[in-house]
Structures are given as structure tokens and as C-alpha cells.
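Notes follow once the structure below has been shown.
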Amino acid sequence: MSSMISRNLRHLRVFLAVADEASVTGAAERFKVSQPAVTQMLGKLEAQAGGALFSRTSRGFVLSERGTVLAARLRRAFAQLDAALGAISPRLPGLATSGQLQGLIAVHDTGSFTLAARSLGRAQPTVHRAVSQLEQEVGAQLFERTAHGLSPSRACSALVPRARLALSELDQADMELGDFDGTETGRIVIGTLPLSRTVLLPRALAAFRQARPKTLISVLDGTHEVLLAALRRGDVDIMLGALRSETPAPDVVQEPLFQDRFAVVARPGHPLAGKGPLQTSQLRCFPWVVPGPGTQLRRQFEGLFRGEGLLPPDSLIEAGFILLIRDYLDLSDALAFTSGRQAAPELDRRHLVQLPLAKKLPLREIGMTLRSGWLPTRGQRLMLDCMRGAAKGLPDV
């Protein structure tokens with residue numbers, strides 16, 4: 001994403017100083033630079049932001065509405081960043097640059113200066129120099145060379161998540177500043193687990209696109225563990241899918257949207273179709289298509305048998321893609337354990353049938369997982385509202 005505002009952290013700090021002091025003079029004295037230098041910096045920042053950031057009044061420099069939005073985002077960014085930088089070295093908050101932080105994050109993720117440079121589109125010596133400068137300020141190595149690449153130090157591992165979230169706040173600042181001029185900047189990243197991709201998300205995206213025709217939306221698929229990690233580090237804005245019975249991490253919150261019931265499905269004409277409520281023991285002798293290990297669906301599948309004192313079936317194919325399940329079941333007497341809502345379109349078209357069980361399968365909550373304290377932009381708030389609206393339009397189970 002191209003940036004609207006400068007990623008020069010020193011300039012952004014000077015901007016906040018002008019806001020705090022209501023004065024160019026006060027900011028210049030705090031940062032030991034000339035008043036013309038501060039004035040020139042403000043002019044460049046206002047050009048990037050698309051309009052005036054201050055009103056010049058008899059009371060001094062007062063933040064405009066545009067400036068208030070930017071200042072709020074910057075304070076959130078520096079609150080994340082400075083706590084982590086200051087814990088490493090008291091001088092570091094005033095010295096670290098965004099280029100150094102981006103280099104640090106890329107090396108942390110790739111374990112290699114060469115791969116980090118490639119991911120950033122920079123020369124390898126540039127990335128190496130950025131990280132080396134940080135290490136000189138810290139007075140210690142941030143990475144250790146191992147047989148498997150560069151291994152981050154404890155200080156580096158503590159800094160990288162905060163740096164990511166700080167840079168994410170700057171991206172959100174760009175999005176909010178673009179809203180002032182009707183410009184749809186930035187992107188919204190949604191991490192999805194299987195059910196939400198087919199049941200809820202298409203409806204939410206259609207509603208969102210009517211209001212925001214140009215905002216870039218990225219939909220990422222993944223496991224709960226992978227998407228949760230991406231959400232916590234700021235790479236994903238909204239995580240959509242089955243919720244956990246307990247909040248999965250201390251820095252996230254869960255919001256239920258709708259309920260889903262597990263289902264056992266088979267092809268039409270299956271030997272068990274039309275046999276009335278089935279006992280769990282009748283299901284064991286058939287092959288199965290089941291979700292992958294560690295998923296909520298898989299645990300419920302195994303619990304269905306263990307709750308009756310039975311071992312789960314041992315002829316398993318692990319898959320969650322409903323079209324693959326449908327076509328495979330059509331060729332066999334296998335059964336599938338899946339989401340009732342996800343299977344609903346195939347059941348309605350009579351491509352699959354649901355087998356009634358004597359034991360009623362439980363409900364599960366489907367919803368959104370968000371970072372605690374996350375402040376969504378106007379566009380992100382609209383997406384959240386579209387998710388909620390789409391959920392309200394779903395029939396009861």
C-alpha cells in the first residue's frame with residue numbers, strides 16, 4: 001500500500017510536539033531544530049495529508065479535524081512503539097527510524113538479510129545497515145547466527161510485535177485521512193475459517209461493496225492458530241469463523257454473530273439414508289471425511305464416539321472443502337462430519353442428504369475475533385457492520 005503520510009518518525013514526533021505546545025517555537029526548542037525547519041516539515045506533512053493539520057489562532061496552533069485524526073493515530077502508534085524501544089534502551093525512542101524497524105521485522109520473519117531485502121524490495125546492504133544501526137544504538141546483537149539462519153534475541157522478539165502494530169496504526173492513519181477527501185485508500189484484511197467463507201462473508205462483501213466500491217479487500221484462508229497469530233501482530237484486521245469457548249489470547253476479544261449446528265451428511269441413496277434416528281454405533285463401520293486435527297469440528301466428531309465409549313472410526317480423509325466432500329461422497333458410501341450451514345446449499349439441491357442422529361449434535365458460535373483496543377477506521381467499521389447485518393439475515397438453525 002502506498003503511503004499518504006511520511007514514515008519519517010522524527011517528523012511525526014515533531015508534529016505531535018507542535019500539537020502539545022500549540023507552538024512551532026516550543027516544538028523547535030524541544031527537538032533542538034530551527035523554527036523554519038519545523039514550519040517546512042509541517043508544510044510537507046499537510047501536503048501529504050491532503051489539507052491543513054492546524055488552525056493558526058490567537059491561542060497558537062490548534063489541531064484541525066484532519067490533524068486531530070492524525071494525532072490520535074500517532075499517539076497510539078508511539079504508545080506501542082516507545083514502550084518496547086524504551087525497554088531496550090532509553091535513547092532508542094528518539095533514534096529508531098521506520099526503515100530500521102521495517103528491516104528488523106523483515107529479518108525477524110525471514111531469518112535472512114537476503115530474503116528480508118527481497119521481501120522489502122531493497123538492496124541487501126541497505127537492510128543489513130539498518131539493522132546494524134539499531135544494534136549499535138542498543139549495544140547488543142538483535143540476531144544470532146545459527147545453522148538455520150538468523151535467530152532473534154529476546155529483545156528483538158519483544159520489539160517486533162509492537163513495531164508491527166505501530167506501523168499498522170500509520171496505515172490506518174492513511175485510510176482515515178483519505179476519507180476526508182472521499183479517497184478509498186488502504187485495504188481491509190479478513191482472515192477466514194471455512195464456514196464463514198461460504199455462509200456469511202459473501203453477503204457481507206456484497207453489502208460493503210455497494211458503499212465502498214474501490215476499497216481493496218484481502219481475504220486470507222488459514223487455520224485458527226495461523227490467523228490468530230496474524231491478527232495479533234496486525235497483519236489481519238478481522239478474523240471470522242468458529243469462536244472458542246474461552247478467549248484464545250489475552251489481547252483479543254470475540255463477538256458472536258450466529259450459531260451453527262454440526263451435521264452428518266451422505267450421498268442420496270446411501271444405505272443409512274431414510275433409516276430414522278441413527279445410533280452412533282451404526283456410523284462406525286463407514287469411512288469418513290472429517291475436518292483436520294485440532295479443529296473444533298474434529299474434536300466434536302471424536303467426542304461423538306468417545307461419549308458412547310467407542311473408538312472413533314479409523315478410515316478417515318481429512319478435508320473441509322464442501323465441493324470435494326460432495327463429489328467424493330457421490331462416489332462412495334463414506335459419510336462426512338461438517339457444518340450444517342456449510343452443507344445447506346448442497347442439501348437444498350439434493351446433492352447431499354443429512355442423516356438424523358438419535359443424539360442431537362451441539363451448536364457452536366460463529367463470529368469475529370478482533371484485537372483488544374483496536375480502533376477501526378470508518379471503512380473497517382462499515383465492514384464490521386456489514387458482517388453483523390449479514391448474520392442477522394441468516395435463518396435460525
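- Figure legend: R13 and F31 shown without cation-pi pairing, the cationic atom not lying both under 6.0 angstrom from the six-membered ring centre and within 45 degrees of its axis.
- Separation of the F15 and F54 ring centroids falls under the 6.0 Å cut-off.
- Side-chain contact check for L150 versus S112: every heavy-atom pair is 4.5 Å or farther apart.
- Here OG1 of T68 is found 11.5 Å from CD of E176. Values are rounded to the nearest 0.5 Å.
- Residues R91 and L95 approach most closely at O-CG, 3.4 Å, considering heavy atoms.
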Using a 3.5 Å cut-off and no angle test, enumerate the donor-acceptor pairs between side-chain atoms of residues 33-40 and protein atoms at least two apart in sequence or in another chain.
| from | atom 1 | to | atom 2 | distance (Å) |
| --- | --- | --- | --- | --- |
| S34 | OG | A37 | N | 3.2 |
| Q35 | OE1 | T25 | OG1 | 3.3 |
| Q35 | NE2 | T25 | OG1 | 3.3 |
| T39 | OG1 | Q35 | O | 3.1 |

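- The backbone N or O of A263 lies less than 3.5 Å from no partner atom in the side chain of R261, so there is not a single donor-acceptor pair.
- With E21 contributing its side chain and A27 its backbone, the two residues share no donor-acceptor pair below 3.5 Å.
- Counting only heavy atoms from C-beta outward, the side chains of V24 and F61 approach each other to under 4.5 Å.
- Ring-centre distance between H270 and F286: below the 6.0 Å cut-off.
- Side chain of T192 to backbone of L220: a donor-acceptor contact under 3.5 angstrom is found.
- Residue D82 comes nearest to P93 through the heavy atom pair OD1-CB, 3.7 Å, listed as atom of the first residue, atom of the second, then distance.
- Between the side chain of Q48 and the backbone N or O of S6, at least one donor-acceptor pair lies under 3.5 Å.
- With a 4.5 Å cut-off on side-chain heavy atoms, R73 and D171 do not count as touching.
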*Between Q133 and Q100, is a side-chain hydrogen bond (donor to acceptor under 3.5 Å, both in side chains) present by the stated rule, with each step listed?*
CA-CA 8 Å; Q133 289 169 344; Q100 292 169 346; 3.0 Å; yes

*For side-chain hydrogen bond (donor to acceptor under 3.5 Å, both in side chains), just list the numbers for S339 and D260, CA-CA rounded to whole Å, side-chain angles, deciding distance to a tenth of an Å, and then say yes or no.*
CA-CA 7 Å; S339 149; D260 179 43; 2.9 Å; yes

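- A distance-only check finds a donor-acceptor pair linking the side chain of R244 to the backbone of A242 [under 3.5 Å].
- The structure places CZ of R154 at 9.5 Å from OG of S157, a figure rounded to the nearest 0.5 Å.
- Side chains of Q300 and R364: no donor on one and acceptor on the other come within 3.5 Å.
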